[in-house]
Structures are given as structure tokens and as C-alpha cells.
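Notes follow once the structure below has been shown.
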Amino acid sequence: MSYKTNTPFYGHYAPVTAVSFSFDNTLVASGSGKEDQSTVLIHTCSTGSVKHRAENAHPFRVNQVKFLPDSSGVVTCSDGNNANLKVWSSSLDRFQTLRGHENSVLCVACTPTSSHLASGGGDTTVLIWCKSAFAASPATDEDPDPEPEPWVGLRMLRDHNDAVTALAFSADARTLATGSSISNIHLYKFNSGDPMLIQTLQNTEPVFSISFSPNNTQLAMGSHKSIKFWDYVHGNLIKNIFNAQSDNVLSVEYSPNGRALVSSSLDGMKLWNADTLEFKHNFEDAGLDPYRQTFTSDTVSSPLPVVVIIGSNQSLHQPNLPNARIRCACSGHYFDCKV
């Protein structure tokens with residue numbers, strides 16, 4: 001295994017805690033925060049330059065940042081009791097605050113059509129949001145970046161008994177999965193924003209992260225040192241990988257082509273074969289604390305798309321490696337391997 005160092009993306013003044021690619025892979029959004037300050041940045045992938053910046057985006061650190069799939073804006077969530085869920089314009093100069101959670105918003109997910117959002121909070125609730133019928137006008141030459149489309153609260157789900165720590169929509173937007181800090185994973189049939197609880201996966205460990213496979217057949221879950229794979233349609237546990245990492249598995253994510261799954265923990269990142277569920281590679285760098293990773297949505301230019309790892313330093317790193325290989329980054333050190 002070899003690694004190479006690339007130029008980091010600078011601009012943050014506090015630890016980077018969240019990252020997301022735009023769906024055309026030209027931009028990367030990142031969030032940071034420490035104590036009473038937070039920042040949201042959008043970098044241009046090709047140059048690494050800061051394209052847009054929002055200072056004091058939230059009262060506390062940014063827990064998650066997501067590009068809307070239609071590129072109309074960015075969603076961020078944060079700790080605190082006020083202004084902890086926002087939908088930003090694509091240039092970060094305007095935002096709408098979505099109020100409804102009583103305290104910290106820990107996670108957010110978007111439907112592939114950008115029509116609905118789900119947010120999970122420390123108040124044990126999941127809130128469903130939809131775009132209002134009074135949508136903003138389309139972009140024009142006079143106003144190339146119109147006001148973000150107004151979002152309204154649609155439903156509140158109260159099926160968890162503890163903080164909601166993970167959310168994911170299936171690729172076909174028909175299923176919403178929610179996980180809590182105690183154990184439960186609830187599956188909802190999602191009909192145009194009218195979710196109906198259809199199944200609870202039997203689980204006895206805290207849920208830190210969940211991800212649907214692109215072909216809508218499996219659900220991966222990161223927990224305390226372990227990764228579980230479910231046939232969520234039938235509610236069957238396919239495999240439980242004990243001691244997959246030496247610490248809490250903070251993030252699991254399938255590559256868009258479904259061939260690989262990446263997990264990350266405080267001890268580093270690991271690559272898994274999504275078909276055989278076998279361990280493939282371990283990416284380590286002593287002293288670095290990766291939080292989350294994200295794949296790009298590109299499934300054409302490379303068999304396995306780019307993955308970014310963010311650490312506890314104050315910069316973001318995006319690799320530039322051969323297309324034929326999986327690519328990942330961790331605080332400036334780039335690991336290059338074949339699956």
C-alpha cells in the first residue's frame with residue numbers, strides 16, 4: 001500500500017466535523033465548530049479555493065452538512081436549543097431556519113429528489129420537512145441565486161425513546177431508516193412525506209451510522225466497534241462483524257456503484273467488499289482522528305469513487321489519484337489501493 005500527500009483545503013478555524021460533495025462532484029461543503037463558533041464553507045474541488053463562506057453559521061459546531069441532490073442549496077445541523085437546523089442557498093448568503101426540535105439536531109437526510117428532509121434530534125424525535133407549494137422563482141439573469149425554497153414541517157415521528165443519531169433514505173426514496181443512541185432501527189414506508197412505521201430491526205447496540213446499499217437490498221449499521229449488515233426488506237441480520245474497528249464506528253457508507261463500503265472510527269478507516277462483506281484494506285495514520293467520510297456520486301469516471309476523511313485538524317483534504325482506484329483522504333495523507 002502506498003500513500004501520497006496532496007494540498008489540503010484551508011479556510012476553517014476550528015476542527016472540521018462534516019463534509020459533503022455536490023452531486024455533480026464539482027464542489028465540496030464542509031462544516032466546523034468549537035465551543036461557540038462554527039463555519040460552513042464551499043470549496044471548488046478542482047482548485048481547492050473557497051467559493052462561499054458562512055461564518056457563525058450555528059451557535060455550536062456543525063454536526064452534519066448535506067448538499068441537496070438538485071444542487072439548490074445546503075442543509076446543516078448543529079447542537080444547541082435554537083437555530084440548529086438550516087437550509088442555505090447555494091451561495092450560503094441566505095438561509096431558512098427550520099424550527100421544531102427542542103435541542104440539538106444530530107443528523108439530517110435528504111430524499112434523492114430533494115423534495116423532503118428528515119432530521120433527527122437529541123429530543124428523541126424525527127421531523128419530516130417538505131418544500132412548500134409556494135416555491136421560490138427559478139434562477140434568472142437578474143437573480144442567478146434566488147431565495148431558498150421555503151420548507152415547512154410535515155410530520156413528527158416519536159417512535160424512539162432516546163436521541164436519534166442516524167438517518168438514511170433508500171436510493172428509491174421508498175424507505176426511511178432511523179437509528180437511536182440506545183439500539184432501535186426503525187424502518188418507515190415513505191409515501192410522499194407520509195411515513196408509516198413498517199418494521200423495527202432487532203438490535204441491542206447503539207446506532208451511530210446507517211447506510212442503504214444503492215440497489216436497495218441491504219442496510220449497513222455502525223455501532224460500538226461492530227458493523228452489521230441487514231436484509232432490511234425481510235428484517236434479517238446477514239452478518240455482524242465484531243471488532244470491525246477498535247472504537248465506535250462513527251460512519252459507514254456504500255460507494256455509489258455498490259461495490260465497496262467504507263467505515264471510519266477514531267482508530268482510522270477500513271474498506272470492505274460490499275458483496276462478500278469481507279475486510280479488504282486498513283488505512284491508518286497514527287495520531288489522526290477521522291470523523292466521517294463521504295463518497296462522490298460519480299459512478300462513471302472511476303470504478304470506485306472518491307472518499308474523503310476528515311480529521312480533528314482544521315483543514316479538509318480531497319485526493320487527486322488515478323481514476324482506476326479507490327481514493328481516500330485523512331488529514332493530508334492519501335492512501336491508494338485496489339479493492
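Note that these values count all heavy atoms, side chains included, but never hydrogens, waters or copies made by symmetry.
One finds a salt bridge joining Asp70 and Lys131 here, because a Lys/Arg side-chain nitrogen approaches an Asp/Glu carboxylate oxygen to under 4.0 Å. In this structure, Arg53 pairs ionically with Glu55, as a charged nitrogen and a carboxylate oxygen lie closer than 4.0 Å.
For residues 162-208, every residue pair satisfying the ring-ring contact (aromatic ring centres under 6.0 Å, His included) rule, not counting sequence neighbours, is listed here: His116-Phe190, His160-His186, Phe169-Phe190. For residues 227-250, the ring-ring contact (aromatic ring centres under 6.0 Å, His included) pairs, not counting sequence neighbours, are Phe212-Tyr232.
With respect to Leu92, the side chain to side chain contact (heavy atoms under 4.5 Å, CB included) criterion is satisfied by exactly one of Val40, Leu41, Thr76: Val40.
Both Ile198 and Leu237 belong to a common hydrophobic cluster when Ile, Leu, Val, Met, Phe, Trp and Tyr are linked at side-chain heavy-atom distances under 4.5 angstrom. Linking Ile, Leu, Val, Met, Phe, Trp and Tyr whenever their side-chain heavy atoms come within less than 4.5 Å puts Ile241 and Ile238 in one cluster. No path of Ile, Leu, Val, Met, Phe, Trp and Tyr side chains, each step under 4.5 Å between heavy atoms, connects Leu219 with Val252, placing them in separate hydrophobic clusters. Hydrophobic clustering (ILVMFWY, side-chain heavy atoms < 4.5 Å, transitive): Met156 and Leu98 are in one cluster.
The hydrophobic cluster analysis finds Ile182 isolated: no Ile, Leu, Val, Met, Phe, Trp or Tyr side chain comes under 4.5 Å of it, directly or through other members.
Note on ring orientation: taking the six-membered ring where Trp is involved, the planes of Trp88 and Phe95 are tilted (angle from 30° to 60°).
The number of heavy-atom neighbours closer than 6.0 Å to CD of Glu102, taken from other residues, nucleotides and ligands shown, is 12 or below.
Ser181 and Asp162 share a donor-acceptor pair across their side chains, judged by distance under 3.5 Å alone. No donor-acceptor contact under 3.5 angstrom links the side chains of Ser211 and Glu253, judged on distance only. With hydrogens and angles left out, the side-chain atoms of Ser132 and Trp151 include no donor and acceptor closer than 3.5 Å. Donor-acceptor pairing under 3.5 Å is recorded for the side chains of Asp93 and Ser89. Of the N and O atoms on the side chains of Asn63 and Asp79, at least one donor lies less than 3.5 Å from an acceptor on the other residue. Defined by atom type and a distance below 3.5 Å, a donor-acceptor pair is present between the side-chain atoms of Thr47 and Ser49.
The salt bridge (Lys or Arg N to Asp or Glu O under 4.0 Å) check on Glu205 picks up Lys228, with sequence neighbours excluded. Listed by chain and residue number, nothing satisfies the salt bridge (Lys or Arg N to Asp or Glu O under 4.0 Å) test with Asp172 (two or more places apart in sequence, or in another chain). Taking the salt bridge (Lys or Arg N to Asp or Glu O under 4.0 Å) definition, one finds that Arg155 meets it with Asp194, sequence neighbours left out.
Considering all non-hydrogen atoms of both residues, Phe21 and Cys45 come closest at CE2-SG, 3.8 Å. Scanning both residues, Gly48 and His43, for their nearest heavy atoms gives O-CD2, 3.1 Å.
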